[in-house]
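Accompanying notes for the structure given below.
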Amino acid sequence: MALCSSSSSSSQKTWIVHGILAGTAIAAAAIGAHSYLDRRSRKFRSRVVGIIPARYASSRFEGKPLVKILGKPMIQRTWERSKLASTLDHVVVATDDERIADCCRGFGADVIMTSESCRNGTERCNEALEKLEKEYDVVVNIQGDEPLIEPDIIDGVVKALQVAPDAVFSTAVTSLKPGDGLDPNRVKCVVDSRGYAIYFSRGLIPFNKSGRVNPDFPYMLHLGIQSFDSKFLKVYSELQPTPLQLEEDLEQLKVLENGYKMKVIKVDHEAHGVDTPEDVEKIESLMRERSLS
């Protein structure tokens, strides 16, 4: 079930491969990953689990995971897309709500029940990881409100982390539409010349002296998907909230504020997250246009 035209899909894969190759070159010279690198392993970070954190309570959209999108719950559509990723050995839903759990079990998903005290999706992923019977090297935090997530993007962030042993976290960005430049629900990202994250913000970054969006500048939009080294995920949950994290309400900033490295790949993807009830109609219209069921 293709989500893009063949040319778009080819372009997306080109971006992903470019990011991974850049990470490979950096990994060859990396010196800061000894606490994470097991040299006895034949393949670094080879065991991968995808976790979809889902909660019912939401200030902007209560019950969002269960909202129907062309007849299927949104969490089901996200799970189905995630199952197509070739790098994932297992996909589970982590939730604190029995309504979500019952729904997910109904369509065949494995469910891990987590505490209501989890402050964000990353903490929920960590608790789920601790409850899984098998051990994993990489945990992919897949946003449940991205029902059109591309399996290639999931594979891309996993491979980026596998070839960058000095990074403990990887994520993806795509081109930001100028009209979304001042939208606080569209998180922006800036990276360095080697493909590592510098900063994330709900505001426009970089911000110029005119105070307006520059239509010629290649601003980058952060996509919600994230992958963690599983050992670091346990460390992350023990770190105290940081000032920038709290001010921007962006959990990935806690990683950067504590001095850890985050690998970023750029992909050609039109983001279709569901943040408000109005976004559901947009998603359904897009799926009808692309003949997606």
Side-chain angles (χ1 to χ4, degrees), residues 1-5 8-9 12 50-85 91-109 111 118 120-122 124-125 140-154 171-188 202 221-226 249-251 267-293:
M1 181 170 61
L3 294 182
C4 302
S5 65
S8 175
S9 179
Q12 175 178 299
I51 301 178
I52 306 173
R55 65 190 184 100
Y56 194 89
S58 172
S59 59
R60 289 182 295 177
F61 194 172
E62 187 174 40
K64 182 168 63 170
L66 301 183
V67 67
K68 294 292 182 65
I69 297 180
L70 294 186
K72 287 184 180 181
M74 179 167 63
I75 189 73
Q76 180 177 354
R77 291 197 175 276
T78 302
W79 177 80
E80 290 175 346
R81 298 299 297 166
S82 301
K83 292 281 285 183
L84 298 176
V91 179
V92 301
V93 174
T95 186
D96 60 2
D97 192 279
E98 286 293 345
R99 289 165 291 188
I100 295 175
D102 289 343
C103 173
C104 293
R105 293 187 187 108
F107 59 74
V111 177
C118 294
N120 52 52
T122 305
R124 197 172 303 282
C125 284
V140 186
N141 180 346
I142 303 169
Q143 300 298 305
D145 57 7
E146 277 273 353
L148 299 184
I149 184 66
E150 292 279 5
D152 283 345
I153 295 177
I154 296 175
T171 190
V173 297
T174 191
S175 297
L176 176 74
K177 295 178 181 178
D180 291 335
L182 302 179
D183 184 348
N185 292 319
R186 297 291 183 255
V187 177
K188 297 80 178 175
R202 295 185 180 277
L221 171 69
H222 180 229
L223 302 178
I225 186 166
Q226 318 173 107
D249 191 21
L250 296 174
E251 57 192 90
V267 300
D268 182 13
H269 176 70
E270 190 171 355
H272 298 292
V274 176
D275 295 311
T276 66
E278 292 73 28
D279 291 329
V280 174
E281 185 176 346
K282 296 177 185 178
I283 290 281
E284 291 184 329
S285 295
L286 178 66
M287 293 179 68
R288 291 189 186 98
E289 291 174 7
R290 296 182 177 180
S291 299
L292 301 175
S293 58

Q) Who are the ring pair (Phe, Tyr, Trp, His ring centres under 6.0 Å) partners of Y56, not counting sequence neighbours? A)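 Once residues adjacent in sequence are excluded, Y56 has no partner under the ring pair (Phe, Tyr, Trp, His ring centres under 6.0 Å) criterion.
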Can you name the side chain to side chain contact (heavy atoms under 4.5 Å, CB included) partners of [X], sequence neighbours left out?
X: K282; answer: D279
X: R105; answer: E98, A101, D102, V111, M113
X: K68; answer: P73
X: V280; answer: F61, V67, I69, V274, E284

Q.
Taking salt bridge (charged side-chain N to carboxylate O under 4.0 Å, His left out) as the definition, give me every residue that meets it alongside K64, ordered by chain and number, with sequence neighbours left out.
A. D145
Q | Listed partners of D183 passing salt bridge (charged side-chain N to carboxylate O under 4.0 Å, His left out), at least two apart | A |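 Here no residue qualifies.
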Q | ring-ring contact (aromatic ring centres under 6.0 Å, His included) contacts touching residues 273-293 (sequence neighbours left out) | A | none
Taking only residues two or more places apart in sequence, or in another chain, which ones meet [X] in a side chain to side chain donor-acceptor pair (under 3.5 Å)?
X: Q76; answer: E80
X: E281; answer: none
X: T171; answer: H222
X: D96; answer: none

